[in-house]
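Just so it is clear, the values below take in all heavy atoms, side chains as well, and ignore hydrogens, waters and symmetry mates.
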There are 2 protein chains.
Amino acid sequence: MGAHDEKLERFRDFIRKRGLKSTRQRDDIAGWFFDYKGHISADRIYREVKRVSPGIGFSTVYRTMKLLCEAGLAHERHFGEGEALYENVSAHHDHFICTDCGRIIEFENPQIEALQELAARDFRFVIKSHKMEIYGLCEGCAQPTR
Amino acid sequence: MGAHDEKLERFRDFIRKRGLKSTRQRDDIAGWFFDYKGHISADRIYREVKRVSPGIGFSTVYRTMKLLCEAGLAHERHFGEGEALYENVSAHHDHFICTDCGRIIEFENPQIEALQELAARDFRFVIKSHKMEIYGLCEGCAQPTR
DNA sequence: GTGCGTGCAAAGTATTTGCATGATG
DNA sequence: CATCATGCAAATACTTTGCACGCAC
């Protein structure tokens with residue numbers, strides 16, 4: 001049984017515990033999203049799920065994605081200034097973002113996190129979360145093939 | 001002479017070199033902004049400058065702030081998901097953001113930057129810029145006074 | 001059956017743009 | 001005096017909300 005089914009189950013649990021209701025639309029959106037690898041906009045989720053579940057509404061996608069975030073199953077990211085992108089929650093990580101081709105590379109660095117804690121101490125700041133986005137050129141875009 | 005006047009001069013230079021024109025509005029907005037310490041929204045800049053220069057228009061503020069960014073004199077920041085905030089450009093730094101009171105603390109940490117470069121090397125990624133925002137509670141909000 | 005969920009359209013934010021008029025180089 | 005800049009309103013992009021109807025529990 002894949003991560004997909006486990007997540008769907010967790011989502012249904014979350015919904016039940018909140019006194020909400022399971023619906024075909026919620027399952028369709030969540031189910032489709034759990035299979036997606038990467039960062040995706042509400043608009044694209046809408047268009048993709050619409051192919052399977054034609055009656056789906058825009059607002060339902062937004063409302064469901066918000067629920068998934070609250071359930072801890074999705075993360076809403078705001079890179080640059082455009083629309084929000086959603087990603088499946090996995091281990092914590094940060095991002096390299098290629099400003100040329102838009103490619104997003106995830107990475108993780110415990111040493112940096114440790115230094116953040118150290119820096120925070122100077123200001124008696126209590127860290128809850130952070131966002132680190134590094135912009136530049138990915139391998140392909142940095143060395144043009146010619 | 002103060003940083004204020006030096007910046008105004010740099011802005012006028014930039015405008016001239018681009019074949020654009022100096023106007024009272026551009027000077028009013030830029031001049032007011034250069035004196036502001038902190039992070040401020042276009043809307044608030046508009047309302048503040050309006051007090052000095054009542055005829056000012058909303059779009060002129062947006063257009064001027066964009067010019068200031070292109071001139072390298074302002075930075076546009078997108079914290080969280082709300083509106084953009086502008087800050088005067090100074091040395092590079094990152095931000096602690098209090099999720100309770102909204103306070104923004106600037107800090108700088110060369111060790112973290114070095115580790116970013118190191119991490120980037122693994123992906124042959126060429127760093128152009130980065131954004132590191134650390135969310136949590138500032139000193140005042142972390143230890144309630146009671 | 002009751003209340004939550006849905007789809008639609010309309011409203012909300014934040015920002016940008018078209019256009020007629022006005023100021024600058 | 002040709003351009004560019006301005007202020008306004010309308011347009012845009014993204015997201016949220018009100019509402020009548022329908023489905024889950």
* Other than A:Val52, what residues sit in its cluster of Ile, Leu, Val, Met, Phe, Trp and Tyr side chains whose heavy atoms are under 4.5 Å apart, directly or through others? -> none

* Pick the nucleotide of DNA chain D nearest each of B:Ile15 and A:His78; which residue has the one closer to the 5' end? -> B:Ile15

* **Any donor-acceptor N/O pair, B:Asp28 side chain to B:Val49 backbone, under 3.5 Å** => no

* Asked: side-chain hydrogen bond (donor to acceptor under 3.5 Å, both in side chains) between B:His95 and B:Glu87: does it pass, once the steps are laid out?
  -> CA-CA 12 Å; B:His95 299 89; B:Glu87 70 177 35; 3.2 Å; yes

* Which part of the nucleic acid, if any, lies within reach of A:Gly82 when heavy atoms closer than 4.0 Å are counted: base, sugar-phosphate only, or nothing? -> nothing

* To do: Verify, without hydrogens or angle tests, whether B:Ser41 (side chain) and B:Arg44 (backbone) share a donor-acceptor contact under 3.5 angstrom.
  => yes

* Report the C-alpha separation of A:Tyr46 and A:Glu48 in whole Å, then their side-chain angles, then the decisive distance to 0.1 Å, and conclude whether the side-chain hydrogen bond (donor to acceptor under 3.5 Å, both in side chains) test is met. => CA-CA 6 Å; A:Tyr46 167 68; A:Glu48 291 295 332; over 6 Å; no

* **Length of the CD-C1' vector between A:Glu81 and C:dT13, whole Å** => 15 Å

* Can you run down the side chain to side chain donor-acceptor pair (under 3.5 Å) pairs that involve residues 114-123 of chain A, sequence neighbours left out, and say none if there aren't any? => A:Gln116-A:His130

* Structure fact -> residues 56-75 of chain A vs side chain to side chain donor-acceptor pair (under 3.5 Å), sequence neighbours excluded, gives A:Arg18-A:Glu70

* To do: Check the distance between C:dC8's C1' and A:Phe58's CZ and give it to me in whole angstrom.
  => 13 Å

* Please walk me through it: do B:Glu83 and B:His78 pass side-chain hydrogen bond (donor to acceptor under 3.5 Å, both in side chains)? -> CA-CA 7 Å; B:Glu83 76 227 301; B:His78 289 260; over 6 Å; no

* Give me the ring orientation class for B:Phe96 and B:Phe107: parallel if the planes are under 30° apart, tilted from 30 to 60°, perpendicular past 60°. => parallel

* **Inter-residue atom distance B:Asn88.CG - B:Ile40.CD1, 0.5 Å rounding** => 10.0 Å

* To do: Drop me the distance from B:Met65's CE to B:Tyr86's OH, to the nearest 0.5 angstrom.
  => 6.0 Å

* To do: Could you check how far CZ of B:Arg44 sits from P of C:dA14, rounded to whole Å?
  => 15 Å

* Asked: What is the distance from CZ of B:Arg16 to C1' of C:dG25, rounded to the nearest Å?
  -> 11 Å

* Structure fact -> Contact check, residues 22-43 of chain B vs DNA chain C, heavy-atom distance under 4.0 Å, returns B:Ser22

* Asked: For the pair made of CG in A:Leu67 and P in C:dG5, what is the distance, rounded to whole Å?
  -> 8 Å

* **Whole-Å distance separating the OH atom of B:Tyr46 from the P atom of C:dT15** => 15 Å

* Structure fact -> Footprint ends on DNA chain D, 5' to 3', for atoms under 4.0 angstrom from a heavy atom of chain A, come out as D:dC14 to D:dC25

For nucleotides 17-20 of chain C, list the nitrogen or oxygen atoms of the protein found under 3.5 Å from its nitrogen or oxygen atoms, one pair per line.
unit_1, atom_1, unit_2, atom_2, d
C:dT17, O4, B:Ser59, OG, 3.4

